[in-house]
Asker: 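Next up is a structure, given as structure tokens.
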Amino acid sequence: MCAAGIGGTFQYGYNLTIINAPTMHIQKFVNETWLERNGQQLDSQVITLIWSIIVSVYPLGGFLGALLAGPMAIRLGRKKSLLFNNLFVILSAILCGLSRPAKSFEMIVLGRILAGLNSGVSMNVQPMYLSESAPMKLRGTVAMSSAAFTALGLVLGQVIGLREILGSEECWPFLLASNAVPAMLQLFVLPWLPESPRYLLIDLKDKDSCICALQRLRGHSDLSLEMEQMLAEQAAIKGQRPKSLCELIREPTLRRQILTIVVLSSAMQLCGNDSMYFYASSIFQEAGIPLEKIQYVVIGTGSCELVTSITCTVFIDRVGRRALVMGGYSLMSVWAVVFMVALSQQGHVSWMPYLSMVCIFAYILSFGIGPAGVTGIMPGEIFDQMARPAAYMICGSLIWIMLFVIGLAFPFILQGLGHFCFIPFLVVCVSTALYVGIFLPETKGKSLLEITEDFTKHSVKRKNVANGWSGPQEIKSTML
């Protein structure tokens, strides 16, 4: 789990935050580089544009990585995909680390694209690998660790980016190149672990290697029940080949599952959690925290997400996925309302900035309760082995597209709605909580065939209701 996570979703969180600390230093470097090349300084708006490109190419790389993850997982396998994926981030580290000696800010742009490519692949392949390797009773706990590693990456990125560590003007190239360290760790550790047993049995049809992998993962435990379940899944999809993205979208029997991951993946970015980080510094400053201390307090926001992710890793297989997601979005809806009220009254009531601080931490904690982690594991639980890689392509692509959309749209939302800018996020949270409560069956402790049956039953029930069928009583009365 640690071997997969440290070079997997950890990289997403880490690369997301290490770019924040050296903002001013990189902008200065861009201006100095342009001055040395062309003999004139850049206009401040052009510097801002170049900086925006440096930031926005990361989700672009992530989107491309999400599309690449499915074919990689099918052709290379889950473990080899994670290992090969480290090549992208090592190249990224080299480019960013050498950008200042080479006097090329274009190398930073290319490096960030490669870092995004790495994160896009790892965010899809890691939960796939973990969910396929975990025993059923611990499937949620193991797969949920992906969210914990993302949050750990966020926090460590904030810590390493402190001025006292690598966030200074002299050290920012080393900060951007530090993502090579977790990649090297994974390259040393992950080769000692086995491939996904399900991939070996169902995709490669190698039963002996599957049993060998299970024995290495489970020790001396009885494997008969687990093998029986996997063989049943293999028999259910006998003769099928891995679905492409287009084939999955056209498959009528999987429409509800596809709709579910579309809703959850989109809501994960459109719920406004990342926008809370936008407000954090200004709210903390208004609450009286000294400007030079705010960077340390902001680390607390990332720590909140880390704590809840670890906590949910422990409780997910007891409480269930559905309750955590629905509860998380419901709490976020409440805190969004309180936060907007607090923002609107900050100029009139002296203690409102403190209430705003509470809302920031509470909103991020609520996000970590379920939406942050459960979203990433759902494709692995509600799709079979042949559809799973393509399903993760949809999930990952939407997460990166929505990350880009919200980054582009939020300044305009803020300008148009002011203190009530969280109204769109409130609508997303309420709608998602209702969808999960009404349409998503619980997957805790169920085999894939049982989960598929739950989705099918729900679809048949809705179809019968839509057609005016009232059940056995109608058949009985017709016969009479």
Side-chain angles (χ1 to χ4, degrees), residues 1-9 69-70 72-85 122 124-146 148-149 186-242 313-314 316-318 321 376-389 391-392 443-452:
M1 188 166 68
C2 292
I6 196 64
T9 53
M72 280 180 64
I74 293 169
R75 295 182 183 181
L76 300 180
R78 285 39 165 169
K79 188 180 83 168
K80 287 182 181 178
S81 294
L82 288 173
L83 290 171
F84 181 81
N85 188 39
S122 63
N124 287 359
V125 178
Q126 181 193 326
M128 198 187 310
Y129 176 59
L130 293 178
S131 64
E132 291 177 3
S133 302
M136 185 189 297
K137 63 180 180 181
L138 296 175
R139 188 177 61 205
T141 299
V142 173
M144 186 78 175
S145 65
S146 298
F149 276 102
Q186 186 178 72
L187 285 172
F188 282 121
V189 179
L190 190 59
W192 299 96
L193 298 176
E195 177 58 272
S196 156
R198 287 182 180 274
Y199 175 77
L200 292 171
L201 178 65
I202 300 175
D203 287 71
L204 301 186
K205 298 176 176 56
D206 189 344
K207 186 176 179 181
D208 293 335
S209 295
C210 172
I211 294 173
C212 182
L214 282 174
Q215 288 173 339
R216 290 177 63 187
L217 290 168
R218 310 286 187 264
H220 299 289
S221 302
D222 184 13
L223 305 176
S224 57
L225 179 60
E226 193 166 0
M227 279 300 300
E228 182 181 337
Q229 292 171 346
M230 284 196 288
L231 288 169
E233 183 182 345
Q234 183 187 39
I237 57 178
K238 187 176 181 180
Q240 298 183 32
R241 58 179 179 81
T313 299
V314 176
I316 186 170
D317 281 313
R318 299 178 186 178
R321 289 70 159 148
I377 71 174
M378 287 311 295
E381 299 213 329
I382 64 178
F383 288 92
D384 63 32
Q385 193 77 9
M386 297 296 103
R388 192 171 296 132
Y392 267 109
T443 61
K444 179 187 70 173
K446 295 180 181 178
S447 68
L448 181 63
L449 295 178
E450 291 172 328
I451 294 168
T452 303

Asker: Work out which heavy atom in Tyr392 is nearest to a heavy atom in Pro127; give both atom names and the distance.
Answerer: OH-CB, 3.5 Å
Asker: Can you name the side chain to side chain donor-acceptor pair (under 3.5 Å) partners of Arg388, sequence neighbours left out?
Answerer: Glu132, Gln385
Asker: For Ser122, check side chain to side chain donor-acceptor pair (under 3.5 Å) against everything at least two apart and list the hits.
Answerer: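 Residues passing side chain to side chain donor-acceptor pair (under 3.5 Å) with Ser122: none at all.
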Asker: Closest heavy-atom contact between Lys205 and Gln234?
Answerer: CG-NE2, 4.2 Å
Asker: Please determine whether a side-chain nitrogen of the Lys or Arg among Arg198 and Glu233 lies less than 4.0 Å from a carboxylate oxygen of the Asp or Glu.
Answerer: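 Looking at Arg198 and Glu233, the cut-off is met.
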Asker: Drop me the distance from Leu217's CG to Glu195's CD, to the nearest 0.5 angstrom.
Answerer: 10.5 Å
Asker: Please check if atom CD in Glu450 has more than 12 non-hydrogen atoms from other residues, nucleotides or ligands closer than 6.0 Å.
Answerer: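 Above 12, so yes.
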Asker: Within the distance-only criterion (no hydrogens, no angle test), does the side chain of Ser196 pair as donor or acceptor with the backbone N or O of Tyr199 below 3.5 angstrom?
Answerer: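 At least one qualifying donor-acceptor pair exists.
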Asker: First locate atom CD1 of Ile202, then atom NZ of Lys238, and finally report the distance between them rounded to the nearest 0.5 Å.
Answerer: 13.5 Å
Asker: Keeping the roles fixed (side chain from Lys79, backbone from Leu193), state whether a donor-acceptor pair exists under 3.5 Å.
Answerer: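 Judged by distance alone, yes, a pair lies under 3.5 Å.
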Asker: State, with a plain yes or no, whether a side-chain heavy atom of Leu201 is found less than 4.5 Å away from one of Asp206.
Answerer: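 No, too far: nothing below the 4.5 Å cut-off.
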Asker: What closest approach, in Å, do Ala387 and Phe383 show between heavy atoms, and which atom pair accounts for it?
Answerer: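 Here Ala387 and Phe383 meet closest at CB-CD2, 3.9 Å.
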Asker: So, taking the atom named CD1 in Ile377 and the one named CG in Leu130, what distance separates them when rounded to the nearest 0.5 Å?
Answerer: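 Taking CD1 in Ile377 and CG in Leu130, the distance rounds to 10.5 Å.
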Asker: Hey, mind stepping through Leu214 and Met230 against side-chain contact (heavy atoms from CB on, under 4.5 Å) and telling me if it holds?
Answerer: CA-CA 12 Å; Leu214 282 174; Met230 284 196 288; 3.4 Å; yes
Asker: Considering residues, nucleotides and ligands other than Arg318, do more than 12 of their heavy atoms fall under 6.0 Å from its CZ?
Answerer: no
Asker: Which atoms form the tightest heavy-atom contact between Gln186 and Leu82, and what is the distance?
Answerer: OE1-O, 3.3 Å
Asker: Report the distance from atom NZ of Lys80 to atom CG of Leu190, rounding to the nearest 0.5 Å.
Answerer: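 Those atoms lie 12.0 Å apart.
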Asker: Roughly how far apart are Arg78 CZ and Leu83 CG, rounded to 0.5 Å?
Answerer: 14.0 Å
Asker: Would you please name every residue forming a side chain to side chain contact (heavy atoms under 4.5 Å, CB included) with Ile74, sequence neighbours left out?
Answerer: Pro242, Pro389
Asker: Has the side chain of Ser81 got a donor or acceptor atom that lies under 3.5 Å from a matching backbone atom of Leu76?
Answerer: no
Asker: Could you go through Val125 and Asn85, starting from their C-alpha distance and side-chain angles, then the distance that decides it, and tell me whether this counts as side-chain contact (heavy atoms from CB on, under 4.5 Å)?
Answerer: CA-CA 10 Å; Val125 178; Asn85 188 39; over 6 Å; no
Asker: Let me confirm one number: the CD1-CG distance from Ile237 to Asp384, rounded to the nearest 0.5 Å.
Answerer: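 Going from the CD1 atom of Ile237 to the CG atom of Asp384 covers 5.0 Å.
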Asker: Could you go through Lys444 and Ile316, starting from their C-alpha distance and side-chain angles, then the distance that decides it, and tell me whether this counts as side-chain contact (heavy atoms from CB on, under 4.5 Å)?
Answerer: CA-CA 8 Å; Lys444 179 187 70 173; Ile316 186 170; over 6 Å; no
Asker: Indicate the atoms forming the closest heavy-atom contact of Met128 with Ser131, along with that distance.
Answerer: O-OG, 3.2 Å
Asker: Tell me the closest heavy-atom pair linking Ile211 and Leu223, and the distance in Å.
Answerer: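 Ile211 and Leu223 have their closest heavy atoms at O-CD1, 4.3 Å.
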